[in-house]
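Beneath this line is the structure, given in structure tokens, with notes to follow.
Naming convention: chains lettered A, B, ... in sequence-line order (proteins, then strands); numbering from 1 in each chain.
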Number of protein chains: 2
Amino acid sequence: MRYPEEHKDAVRSRIVEEASRALRKAGIDGVSIPALMKRAGLTHGGFYAHFENRDELVAEAVRFAANETGAGVFERARSLDEALGAYLSAPHVDAPEAGCVVAALGAEGPRQSAPVRRAFAWAARGLIDLVQQKLAPGRERARPSDEALEVTARMVGAVVLARLVDDEALGRRLLAVARRT
Amino acid sequence: MRYPEEHKDAVRSRIVEEASRALRKAGIDGVSIPALMKRAGLTHGGFYAHFENRDELVAEAVRFAANETGAGVFERARSLDEALGAYLSAPHVDAPEAGCVVAALGAEGPRQSAPVRRAFAWAARGLIDLVQQKLAPGRERARPSDEALEVTARMVGAVVLARLVDDEALGRRLLAVARRT
DNA sequence: CGCATGAGATGATGGCCATCATAGCGAACG
DNA sequence: CGTTCGCTATGATGGCCATCATCTCATGCG
């Protein structure tokens, strides 16, 4: 059938968005192309009309997730404390599918193909830059400050550990100590 | 053939050790049972004589890796600074297969089956305890101090990010700023 | 009003996987 | 010195995967 003008772009976006959530939830190897397409309301056949291969979708999903975190956690916050409050929160720990892609999938990044690795490097760098921006608003810097790097490392590590320890009280403490500025 | 007394135990240990490295390198879903057995010098058939199923091996490999990090990085170090120097080092970043399992596979932990999750929780808790021990040697504590939690989070996050950024200079800086005590 | 178009569906291919049943063989034990 | 035991190999099973060739058919265009 002949579809309306921007139909294909809209469908592609929906695939990327759904994939972004599904991958953060189940891991990069945790969801098959048929499953991803079904989540977007399609069958697996049309996949290669939208993407060169699986990695192209994964890379795009990583970039989508990075933008989502930027918009949801950082642009919304008016101070670093506010951003840290959102990032280092129980809802974030409990909902990796809607959370930071670096914390959810970062450890898998270095093992991926070059295009996916590039997407991850971009996401990591973006996270550092967002922290830097909240740390010293307005001021533009050629490279992130030591403090921005340290805060970012603490944030990511605290979320990874809080998800891992399987001990709610300890998880809360991990988030709380990482919130100090 | 009838094998020498402790043959089976030795083979099992070799499988666990090899699996521990292979999994840290390629991810939890990145190595098949046939591949794991071949690394141990065997064929896939005997696997189920040693392990109930794949997850049992994964859980054991996680515990093995955690012990290895404890012995290699922490027991060897005589101060927290020394331990941080080893953990937050380029060799560690460049060799995940011989490094901390929390940094290499932690993000995959929450998605695993219950036995594997338990192994990861144990590994994470163990890492925190090792930090605590170096932080206040000798003193026994019922629960880790705030500072131990913060240092551990910073360590893990810094290694994850350093592996991700694909920028050697930035990676070095991430390690350096996390080394501050 | 009918036809060309192209997004999406159907279905096939070849490969790899976890798991298991069974067979073989060689050292240890009698 | 023969028998037995049990560790490991061989091979099968059923399932799922990424990728691709081909078909369908509704719709926008002429």
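- For the pair A:Lys38/A:Thr43, no side-chain contact is recorded, criterion being any heavy-atom separation below 4.5 Å from C-beta on.
- A:His50 places its NE2 atom 15 Å from the P atom of D:dC20, with the value rounded to the nearest Å.
- Residues passing the ring-ring contact (aromatic ring centres under 6.0 Å, His included) test with A:Phe47, sequence neighbours excluded: A:Phe51.
- B:Glu168 pairs by the side chain to side chain donor-acceptor pair (under 3.5 Å) definition with B:Arg172, not counting sequence neighbours.
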Worksheet entry | Letter per nucleotide, 5' to 3', of nucleotides 15-20 of chain C [B base touched, S only sugar-phosphate touched, - untouched; heavy atoms, 4.0 Å] | --SSBB
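- Among residues two or more places apart in sequence or in another chain, the side-chain contact (heavy atoms from CB on, under 4.5 Å) test is passed with A:Ser89 by A:Pro91, A:His92.
- Contact annotation for B:Ala49: base contact, defined as any heavy-atom pair under 4.0 Å involving a base atom.
- Scanning for side chain to side chain donor-acceptor pair (under 3.5 Å) contacts around A:Asp146 gives B:Arg173, with sequence neighbours left out.
- A straight line from CG of B:Leu42 to P of C:dG24 spans 20 Å, rounded to a whole angstrom.
- The side chain to side chain donor-acceptor pair (under 3.5 Å) check on B:Ser113 picks up B:Asp55, with sequence neighbours excluded.
- Spacing between atom CZ of A:Phe51 and atom P of D:dC20 amounts to 15 Å, rounded to whole angstrom units.
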